[in-house]
> 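What follows is a single structure, and I will ask about it in a moment.
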Amino acid sequence: GESVGLHLPTLSVQEGDNSIINCAYSNSASDYFIWYKQESGKGPQFIIDIRSNMDKRQGQRVTVLLNKTVKHLSLQIAATQPGDSAVYFCAENEAAGNKLTFGGGTRVLVKP
Amino acid sequence: DTGVSQDPRHKITKRGQNVTFRCDPISEHNRLYWYRQTLGQGPEFLTYFQNEAQLEKSRLLSDRFSAERPKGSFSTLEIQRTEQGDSAMYLCASSRTSDRSEAFFGQGTRLTVV
């Protein structure tokens, strides 16, 4: 079936540097994309979302980019902090109902 | 705390036993979702409710699994005759009725079947 996946399973980044997490999706009918952060032992936490009619959206220290032509989604974290260490998932939603399809996750490790 | 609440946080059970998990969504949220997550993987959709109506069930939801939301508020997920393959984190999420609205997740119930 349709799936959402990630290129890199683990990303190690120096504190203060920027992080970029990538995600490829295959369902061309998807029109809503979300990034979640999950810390150990906790549920996924919403970071930022973007609709298919946009190609960029910014939040606090985070930017999501959407390239529908190549079905690619990325999350940029500026000035990465130790508290950003977690597993990050991209997820997509095709239509009504908000059922989400998640990718496999990328672990971000922030080095002091 | 006004977030999504799940109980219990951890459950260890013997193979063949039945287990039931509870989820209390955010009070004004009409939609409630159940997901299952295994180690290193993203959550997988199981089922969702709008108010008390169960609107969609995944193929992952075998006949040993049943979910209810009798009054459109809290929900329960029951697994009958548990198998070792049922060991996972079971996550509940809720959202408003409008599409594309943010889904808030609970902390999950970690099930271990021994």
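This structure is a prediction, so every number in the text was calculated from the model and none was measured. Below, chain A is the first sequence line, B the second, and so on; all start at residue 1.
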> Taking atom CD1 of B/Ile12 as the centre, report whether more than 12 heavy atoms of other residues, nucleotides or ligands fall under 6.0 Å from it.
no
> Say whether A/Val62 and A/Val64 are linked into one hydrophobic cluster, either directly or through other cluster members, by side-chain heavy-atom distances under 4.5 angstrom.
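Hydrophobic grouping puts A/Val62 with A/Val64.
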> Can you establish whether the number of heavy atoms outside B/Arg15 located under 6.0 Å from its atom CZ is more than 12?
no
> Check whether any side-chain heavy atom of A/Leu100 sits under 4.5 Å from a side-chain heavy atom of B/Tyr33, and report yes or no.
no
> Please flag which part of B/Arg110 lies under 4.5 Å from any non-hydrogen atom of chain A: side chain, backbone, both or neither.
neither
> Among B/Gly108, B/Pro43, B/Gly42, which residue has the highest count of heavy-atom pairs closer than 4.5 Å to chain A?
B/Pro43
> Count the heavy atoms of every other residue, nucleotide or ligand shown that sit under 6.0 Å from CD of B/Glu28, and state whether that count exceeds 12.
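Yes, enclosed.
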> If I measure from the heavy atoms of chain A, does B/Gln37 come under 4.5 Å with its side chain, its backbone, both, or neither?
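B/Gln37 touches chain A through side-chain heavy atoms alone.
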> Does CD in B/Glu68 sit with more than 12 non-hydrogen atoms of other residues, nucleotides or ligands closer than 6.0 Å?
no
> For chain A, which of B/Phe45, B/Phe105, B/Phe104 has the most heavy-atom pairs under 4.5 Å?
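Top option by heavy-atom pairs under 4.5 Å: B/Phe105.
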> Between atom CD1 of A/Ile48 and atom CD of B/Glu102, what is the distance when rounded to the nearest 0.5 Å?
11.0 Å
> Counting heavy atoms not belonging to B/Lys57, are there more than 12 under 6.0 Å from its NZ?
no
> Where does B/Leu91 contact chain A at under 4.5 Å (heavy atoms): side chain, backbone, both or neither?
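Contact with chain A: side chain only.
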> In terms of heavy-atom proximity below 4.5 Å to chain B, should A/Gln38 be classed as side chain, backbone, both, or neither?
side chain
> Give, for atom CG of B/Leu46 and atom NZ of A/Lys99, the distance between the pair rounded to the nearest 0.5 Å.
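The distance works out to 11.5 Å.
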> Check for me, please, whether A/Leu109 and A/Leu75 land in the same ILVMFWY cluster - side-chain distances under 4.5 Å, paths through other members count.
no
